[in-house]
Amino acid sequence: MEGRRILRLEQRRADLRFPLPDRFAERVANARIDRLARQAKFLTAHLSTDEVLVMHLGMTGRFTISGEPPGAFHQATGGTIAHDHVVFHMEGGETVTYNDPRRFGFMELWPAATFEAYPRLKDLGPEPLSNGFSAAYLDTALRGKAAPVKAALLDQSIIAGLGNIYVCEALYRAGISPKRLSRSIPGLRAARLAPAISAIIAEAIAAGGSSISDFAGTDGALGYFQHRFDVYDREGQPCKRCGGMVQRIVQSGRSTFYCQSCQR
DNA sequence: GCTTGGACCTGATTGC
DNA sequence: TGCAATCAGGTCCAAG
C-alpha cells in the first residue's frame with residue numbers, strides 16, 4: 001500500500017468498535033499512502049491529504065490482500081464475507097479488505113499536523129524491542145506501583161505492544177509470579193524480566209505470530225508461535241521447566257496462566 | 001491518582 | 001441433537 005493511491009474505499013457499515021470517520025470514503029479517495037507504519041498495536045497510514053489513518057485490529061481484525069494475477073495473493077481462508085467491513089481498492093488493482101467478526105477494531109482519521117497529540121498514541125510506553133526499553137526503565141516504571149505485575153505489563157502506557165499471551169509467557173520465562181506486586185520487581189527481577197519480554201516478542205515475530213483462532217498473515221498463512229507457548233492455554237498440563245502443574249487464574253478480568261512452583 | 005471491573009460484539013466451545 | 005451459558009487475543013471509561 002505504501003507509495004500507492006487509494007482509488008476508492010468501500011465502507012460497508014457505519015461503525016466498528018467506534019463510528020468510522022465522517023465522510024470516510026470521500027476523505028481517503030485518491031489519497032496516496034506516503035508512509036505505512038506501526039506503533040504498538042496500531043497501524044498508521046500517513047496520507048497525502050495531510051491526514052493520518054489510524055487502524056487497530058482489536059482482537060479478531062485482519063487485513064487480507066487480493067489482486068492480479070491470481071495466486072500472487074489470495075483471500076485468507078476462514079474469513080466470512082459478512083464481516084468484510086472496509087475494502088480499500090488500490091491503485092494497481094489490488095484490494096485490501098478489513099475483516100473483523102467481533103468488531104473490536106477501529107479506524108480513525110486525524111490531522112497530520114497535530115498527530116503527536118492523538119490521544120490513543122500519545123501516552124504509550126516504550127516498545128519491547130526499542131532502545132527506550134531496558135531493565136533500568138522497568139525499575140523506574142514499576143517502582144512504587146501496587147498493581148500486580150501482570151496488570152502492569154498489560155498497561156500500554158508502561159510498555160507498548162504486549163498482550164495477554166506474551167505477558168504470561170514473559171513472566172514464565174523470567175520465573176516471576178504474575179501475582180507479585182509491581183513494586184517488588186525493581187532490582188534483580190527487573191533484570192530478568194526485561195530481557196525475557198524482549199526475547200518473547202522477538203521470537204514470536206520470527207515465528208510469524210500466534211494463531212489462536214483468528215490470527216493469520218495477509219496471505220492467509222497462520223503464525224506458529226502458539227506451538228511454543230510454555231504456559232498460555234496449558235492449564236492442568238505439566239510445567240515444561242519444573243514439572244509442576246500450570247494453573248489458570250483470573251486477574252483484572254483476564255486469564256493468567258502460570259506455574260505456581262517455579263514462578264515466584 | 002491509581003486500580004479494577006464492566007462494556008463493547010460475535011463465534012466457537014462446552015455442558016446440560 | 002439442540003439450546004444456553006461461557007469464554008476469547010484489546011481498549012476505554014466509570015466507579016471504587
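If you take atom P in B:dG1 and the same atom in C:dT11, they sit 24 Å apart, rounded to whole Å. Straight-line distance between the P atoms of B:dG6 and C:dT6: roughly 14 Å, to the nearest whole Å.
Dashed line: the shortest gap from a side-chain N or O of A:Thr60 to OP1 or OP2 of C:dG9 is not under 4.0 Å. Contact check, A:Arg102 against C:dC7: no side-chain N or O comes under 4.0 Å of OP1 or OP2. The phosphate of C:dT11 has OP1 or OP2 within less than 4.0 Å of a side-chain N or O from A:Lys41. In terms of phosphate contacts, A:Tyr166 brings no side-chain nitrogen or oxygen within less than 4.0 Å of OP1 or OP2 of C:dG9. Taking 4.0 angstrom as the limit, A:His83 places a side-chain polar atom (N or O) nearer than this to OP1 or OP2 of B:dG11. OP1 or OP2 of C:dT11 sits under 4.0 Å from a side-chain N or O of A:Gln156. For the OP1/OP2 pair of C:dG10 and a distance below 4.0 Å, the side-chain nitrogens and oxygens of A:Arg254 include at least one atom meeting the criterion. Side-chain nitrogen and oxygen atoms of A:His56 include none within less than 4.0 Å of the OP1 or OP2 phosphate oxygen of C:dG10.
A:Glu10 pairs by the side-chain contact (heavy atoms from CB on, under 4.5 Å) definition with A:Arg8, A:Arg12, A:Val87, A:His89, not counting sequence neighbours. When the side-chain hydrogen bond (donor to acceptor under 3.5 Å, both in side chains) test is applied to A:Glu108, the partners found at least two apart in sequence or on another chain are A:Tyr118, A:Arg120.
Distance from the side chain of A:Asn164 is smallest to C:dG9 among C:dG9, C:dA8, B:dG11.
With hydrogens and angles left out, the side chain of A:Arg103 and the base of B:dC9 share no donor-acceptor pair within 3.5 Å. Side-chain N/O atoms of A:Arg120 and base N/O atoms of C:dT11 include no donor-acceptor pair closer than 3.5 Å.
For A:Thr64 and A:Thr97, the side-chain atoms include no donor-acceptor pair closer than 3.5 Å.
A:Pro148 comes within 4.0 angstrom of sugar-phosphate atoms only, judged by non-hydrogen atoms across all strands, and of no base.
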